[in-house]
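Written below as structure tokens is the structure these notes are about.
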Amino acid sequence: MNARVETVATNNFFKSAFAKHRCLVLADGWYEWIKNTPPKQPHYLCRRDREPLYFAAIYAERDDGGLGCAILTEPARGSAADVHDRMPLILDDDSLEHWLATDLTDKETIRSMVRHIDAGLVEHWPVSTAVNKPSEGQGDELINPL
């Protein structure tokens, strides 16, 4: 599940987790699909320097006692906007400690101390539609450029 950065601090479903249960999701990259191409064309997005991405996320206990997690999304910036209208909120290195600080609960304080990475650090390329078909591959070939 995703949570919009614009409303996560005020949405009744997410605001408690935003104030008290922030976490990071570590990734090498992510996939998005360009919808105006038949078939939908998947793209792989990552950092130009191939450093890890730190997605801002929140978590909460679900009704069944397990944990649920939502990645925060923001309007797409830079080249990511060529592929999709939204993207994960990717934190810069200086924001990680602030994002995880349990003593920060005020939304304006959090927002003032947390920054996303520069949009110029993100690049993308088209990849095989096998991304849509788990039975056709699960390895590194899924991020190889077409």
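For clarity, every value in this text was computed on a predicted model and none was experimentally measured. We're numbering straight along the sequence, starting at 1.
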Sub-4.5 Å side-chain heavy-atom contact between Ile58 and Phe14
yes

I need the Thr105 OG1 to Lys20 NZ distance, nearest 0.5 Å.
8.0 Å

Taking the side chain as every heavy atom from C-beta outward, state whether Asp92 and Arg115 have any atom pair closer than 4.5 Å.
yes

dist Arg48:CZ -> Leu121:CG (nearest 0.5 Å) comes out at 8.0 Å

Any side-chain heavy atom of Val25 within less than 4.5 Å of one from Tyr54?
no

May I ask you to decide if Val127's main-chain N or O and Gln41's side chain share a donor-acceptor pair within less than 3.5 Å?
yes

Same hydrophobic cluster for Met113 and Leu89, using side-chain heavy-atom links shorter than 4.5 Å among ILVMFWY?
yes

Return the minimal non-hydrogen interatomic distance between Pro42 and Ser128, and the atom names on each side.
CG-O, 3.4 Å

Before accepting this row, confirm whether a basic side-chain N of the pair Glu123/Arg50 lies closer than 4.0 Å to the acidic partner's carboxylate O.
yes

Taking CG in Asp49 as the centre, count heavy atoms belonging to other residues, nucleotides or ligands within less than 6.0 Å. Is the count above 12?
yes

Same apolar cluster (I L V M F W Y, side chains within < 4.5 Å links), Leu96/Val5
yes

So CG of Asp118 and CD1 of Ile90: to nearest 0.5 Å the spacing works out to 11.0 Å

Do the side chains of Tyr44 and Asn144 get nearer than 4.5 Å, heavy atoms only?
no

Counting only heavy atoms not in Asp103 (residues, nucleotides, ligands), do more than 12 fall under 6.0 Å from its CG?
yes

When rounded to the nearest 0.5 angstrom, what distance separates CG in Asn2 from CE in Met87?
12.5 Å

List the atom of Val8, the atom of Ala3, and the distance in Å for their closest heavy-atom pair.
CG2-CB, 3.9 Å

Expected output: side-chain Trp99 to main-chain Ile110 donor-acceptor under 3.5 Å
no

With a 3.5 Å cut-off and no angle check, do the side chains of Thr73 and Arg86 form a donor-acceptor pair?
yes

Does the side chain of Tyr31 reach to within under 4.5 Å of the side chain of His124, using non-hydrogen atoms?
no

Walk me through whether Lys40 and Ile34 qualify under side-chain contact (heavy atoms from CB on, under 4.5 Å).
CA-CA 6 Å; Lys40 290 189 263 183; Ile34 295 180; over 6 Å; no

Please determine whether residues Leu67 and Leu26 belong to a single hydrophobic cluster, defined as Ile, Leu, Val, Met, Phe, Trp and Tyr linked transitively by side-chain heavy-atom distances below 4.5 Å.
no

I'd like to know whether Ser79 forms a side chain to side chain donor-acceptor pair (under 3.5 Å) with Asp82, so could you lay out the CA-CA distance, the side-chain angles of the two residues, the decisive distance to 0.1 Å, and finally the verdict.
CA-CA 5 Å; Ser79 68; Asp82 298 338; 5.4 Å; no

Taking side chain as C-beta onward, heavy atoms only, is Glu32 less than 4.5 Å from Leu45?
yes

Under 30°, 30 to 60°, or over 60°: which ring-plane class applies to Phe55 and Trp30, parallel, tilted or perpendicular?
perpendicular

Any side-chain heavy-atom pair of Leu104 and Arg22 under 4.5 Å:
yes

Just do the side-chain contact (heavy atoms from CB on, under 4.5 Å) check on Val83 and Trp33 with the steps written out, would you?
CA-CA 7 Å; Val83 182; Trp33 284 256; over 6 Å; no

Among Ile117, Leu24, Leu53, which residue meets the side chain to side chain contact (heavy atoms under 4.5 Å, CB included) test with Leu91?
Leu24

CG/Asp85 to CD/Glu74 distance, rounded to the nearest 0.5 angstrom?
12.0 Å

Would you say that Leu100 contacts Glu97 through its side chain, given a criterion of any heavy-atom pair below 4.5 Å between the two side chains?
no

